[in-house]
Number of protein chains: 2
Amino acid sequence: MVINRAAQLDLVFGALSDPTRRGMLETLSGGAVNIRTLAAPFKMSQPAISRHLRVLEEAGLVRRQKRGREHHISVNSQAAEQARDWIAHYTRFWKQQFDAVEEYLNKQEQKNHVE
Amino acid sequence: MVINRAAQLDLVFGALSDPTRRGMLETLSGGAVNIRTLAAPFKMSQPAISRHLRVLEEAGLVRRQKRGREHHISVNSQAAEQARDWIAHYTRFWKQQFDAVEEYLNKQEQKNHVE
DNA sequence: TTAATATATAACCATATGGTTATCAATCGT
DNA sequence: ACGATTGATAACCATATGGTTATATATTAA
């Protein structure tokens with residue numbers, strides 16, 4: 001492993017920020033497929049698909065096995081779990097903060113009504 | 001609400017793909033702060049900070065209250081939860097697929113040893 | 001062996017992103 | 001009233017991103 005944890009998160013979140021790539025991952029929920037199957041739902045050139053796939057691969061979200069002339073793509077859940085865990089970790093604190101601010105704002109609201 | 005769920009996820013994941021912005025969100029775990037406090041850990045110009053903040057805001061990850069000349073920034077946990085839930089939903093399936101592929105590969109490995 | 005298929009790469013283009021410096025606007029403290 | 005402080009905006013630059021078409025490579029099928 002060359003790149004650090006933060007850089008890995010950059011790649012994973014970056015990969016997830018595109019709807020085509022999220023669509024591909026959704027397709028992969030059903031199991032490993034070849035690339036032309038992955039490409040089917042999108043009206044976009046084959047090279048474009050190829051590059052989206054590379055982004056997913058570089059983020060560690062999928063892996064590829066060449067099987068003859070076809071490439072079988074499968075999902076690597078670990079990279080996604082890392083991203084999920086980053087969010088989940090902070091969500092605990094954020095939710096507290098969020099609720100505190102909500103409460104504060106509600107109080108302000110009430111004050112305004114009284115004034 | 002104008003933009004759809006997918007576009008919202010684009011923005012949220014995109015916002016999370018930058019280490020400066022993730023750093024800001026980490027700071028916000030401790031509670032609402034003004035912008036210069038958020039900026040402090042980063043050696044980067046004030047306009048750069050201002051724009052990172054706008055990205056977080058447009059993704060719905062933070063909200064802003066002007067309090068005199070200072071802007072108080074607080075986290076909005078809901079946007080992040082949506083992203084976490086998207087990952088979590090698919091992670092269930094991905095993990096299954098991942099484990100299935102692992103098992104398959106291990107079997108192949110054994111076969112190769114026997115041959 | 002030759003044509004078709006599956007996929008990658010190269011070259012290009014337009015737009016987005018992330019940074020800078022310079023400047024503006026609003027508010028606060030004296 | 002005025003200078004300092006907080007923050008946004010404008011203009012600019014370099015690089016990244018997401019798409020295209022054309023072409024190359026490897027494998028399979030006829």
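Lettering of chains follows the sequences in order, A, B, ..., and the numbering in each one begins at 1. Side-chain atoms are counted along with the backbone in the values below, which use heavy atoms only and exclude waters and symmetry mates. Keep in mind that this is a model prediction, so the values were computed, not measured.
Contacts of A/Arg69 classified as salt bridge (charged side-chain N to carboxylate O under 4.0 Å, His left out), with partners at least two apart in sequence or in another chain: none. Residues passing the side-chain hydrogen bond (donor to acceptor under 3.5 Å, both in side chains) test with A/His71 are A/Arg64, sequence neighbours excluded.
At whole-Å resolution of the value, CD in A/Gln65 and P in C/dT7 are 13 Å apart. Between the CG atom of A/Asp10 and the P atom of C/dT17 there is a distance of 15 Å, rounded to whole Å. Following rounding to the nearest Å, B/Lys43 (NZ) and C/dG19 (C1') show an atom-to-atom distance of 14 Å. Atom CG of B/Leu11 and atom P of C/dA16 are 13 Å apart (whole Å).
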Please table the atom pairs, donor to acceptor, closer than 3.5 Å between any side-chain atom in residues 45-53 of chain B and protein atoms at least two apart or in another chain.
| residue | atom | partner | partner atom | Å |
| --- | --- | --- | --- | --- |
| B/Ser45 | OG | B/Ala48 | N | 3.4 |
| B/His52 | ND1 | B/Arg21 | NH1 | 3.0 |

Side-chain donor-acceptor pairs under 3.5 Å in residues 22-43 of chain A, sequence neighbours left out?
| residue | atom | partner | partner atom | Å |
| --- | --- | --- | --- | --- |
| A/Arg22 | NH1 | A/Leu16 | O | 2.8 |
| A/Arg22 | NH1 | B/Asp10 | OD1 | 2.9 |
| A/Arg22 | NH2 | B/Ala6 | O | 3.0 |
| A/Arg22 | NH2 | B/Asp10 | OD1 | 2.8 |
| A/Glu26 | OE1 | B/Tyr90 | OH | 3.4 |
| A/Glu26 | OE2 | B/Trp86 | NE1 | 3.4 |
| A/Thr27 | OG1 | A/Gly23 | O | 3.2 |
| A/Ser29 | OG | A/Leu25 | O | 3.4 |
| A/Ser29 | OG | A/Glu26 | O | 2.9 |
| A/Asn34 | OD1 | A/Thr37 | N | 3.1 |
| A/Asn34 | OD1 | A/Thr37 | OG1 | 2.5 |
| A/Asn34 | ND2 | A/Glu70 | OE1 | 3.3 |
| A/Arg36 | NH1 | A/Glu70 | OE2 | 3.4 |

Contact pattern, 5' to 3', of nucleotides 3-15 of chain D - B, S or - by protein heavy atom under 4.0 Å | -BBSBBB------
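Among residue pairs with one or both ends in residues 75-90 of chain B, none qualify as salt bridge (charged side-chain N to carboxylate O under 4.0 Å, His left out); sequence neighbours excluded.
Within the structure, a side-chain polar atom (N or O) of A/Ser45 is placed less than 4.0 Å from OP1 or OP2 of D/dT20. Between A/Arg67 and D/dT27 there is no side-chain polar atom (N or O) within less than 4.0 angstrom of OP1 or OP2.
In terms of modelled atom types and a separation under 3.5 Å, the side chain of B/Gln65 and the main chain of B/Ile73 share no donor-acceptor contact.
Along DNA chain D, the nucleotide nearest to A/Gly68 and the one nearest to A/Met44 differ in position, and the one closer to the 5' end is contacted by A/Met44.
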